[in-house]
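Worksheet: one structure, shown below.
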Amino acid sequence: MALDSITAVASALTAVVGLFVAHLAYRGYRRNDSRTMRALAFGIICIAVVPYAILYLVDPLLGLTDAQSLLAITLSHTVGLAAIYRTFDR
C-alpha cells in the first residue's frame with residue numbers, strides 16, 4: 001500500500017472517530033443542556049473533521065494552493081482548540 005493511501009485511510013479514520021466523539025458530546029449537550037458539551041463537540045469537529053473536509057473535499061473543488069490549505073487547516077485547529085479551552089476556562 002502506498003504512503004498516500006495509508007495517509008488517506010488514517011485521515012478518514014481520524015475524521016470518523018472525531019465525528020463519533022463529537023456526536024457523543026452533542027448528545028451530552030442535548031441531555032443536560034450543557035453549553036460546555038456543545039463547545040466541546042464544536043471544538044472536536046473543528047480539530048478532527050473540518051481539516052479532512054478541507055483537504056479532501058474543498059481543496060479539490062476550489063483548487064487551493066498548499067499554503068491556502070495549510071492556512072485553512074491551521075485556522076480550523078485554532079478555532080477548535082479555543083472552543084475546547086473555553087469549556088475548561090470556567
Side-chain angles (χ1 to χ4, degrees):
M1 193 181 272
L3 188 57
D4 289 342
S5 298
I6 294 170
T7 302
V9 169
S11 295
L13 184 61
T14 300
V16 168
V17 171
L19 197 57
F20 177 71
V21 173
H23 172 71
L24 293 176
Y26 184 74
R27 282 180 45 200
Y29 156 68
R30 294 286 304 228
R31 184 180 321 114
N32 301 312
D33 196 29
S34 169
R35 293 176 59 201
T36 300
M37 293 304 286
R38 182 180 61 191
L40 181 61
F42 177 75
I44 291 170
I45 286 175
C46 286
I47 289 172
V49 179
V50 172
Y52 178 83
I54 291 169
L55 193 59
Y56 292 100
L57 300 175
V58 175
D59 185 16
L61 286 175
L62 300 179
L64 301 176
T65 65
D66 289 344
Q68 290 169 326
S69 295
L70 185 60
L71 176 62
I73 290 170
T74 302
L75 288 174
S76 176
H77 286 160
T78 302
V79 168
L81 288 173
I84 292 171
Y85 172 75
R86 185 174 174 269
T87 65
F88 296 106
D89 188 38
R90 294 185 178 219

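Contact between L64 and S69 at its shortest, heavy atoms only, is CB-OG, 3.6 Å. Contact between A41 and Y26 at its shortest, heavy atoms only, is CB-N, 3.9 Å. Residue M37 comes nearest to A25 through the heavy atom pair CB-O, 3.4 Å, listed as atom of the first residue, atom of the second, then distance.
For V16, the side chain to side chain contact (heavy atoms under 4.5 Å, CB included) criterion is met by no residue, not counting sequence neighbours. Applying the side chain to side chain contact (heavy atoms under 4.5 Å, CB included) test to I45 and every residue at least two apart in sequence or in another chain returns A22, V49, V50. Remark: F42 engages C46, V79, A83 in a side chain to side chain contact (heavy atoms under 4.5 Å, CB included) (not counting sequence neighbours). Not counting sequence neighbours, the partners of T74 by the side chain to side chain contact (heavy atoms under 4.5 Å, CB included) test are L70, T78.
Residue I84 holds its CD1 atom at 3.5 Å from CD1 of I47, rounded to the nearest 0.5 Å.
Around CG of N32, the count of heavy atoms belonging to other residues, nucleotides or ligands within 6.0 Å exceeds 12.
Here ring pair (Phe, Tyr, Trp, His ring centres under 6.0 Å) pairs that include residues 3-23, with residues two or more places apart or in two chains, number zero. Counting only residues at least two apart or in different chains, side-chain hydrogen bond (donor to acceptor under 3.5 Å, both in side chains) contacts with residues 54-65 comprise T65-Q68.
With S76 contributing its side chain and A72 its backbone, the two residues share no donor-acceptor pair below 3.5 Å.
A continuous path of ILVMFWY side-chain contacts below 4.5 Å connects L40 to V17, so both sit in one hydrophobic cluster. L13 and V21 fall within the same hydrophobic cluster, defined by Ile, Leu, Val, Met, Phe, Trp and Tyr side-chain heavy atoms under 4.5 Å apart, directly or through other members. There is no path of hydrophobic side-chain contacts, each under 4.5 Å, that joins V58 to Y52.
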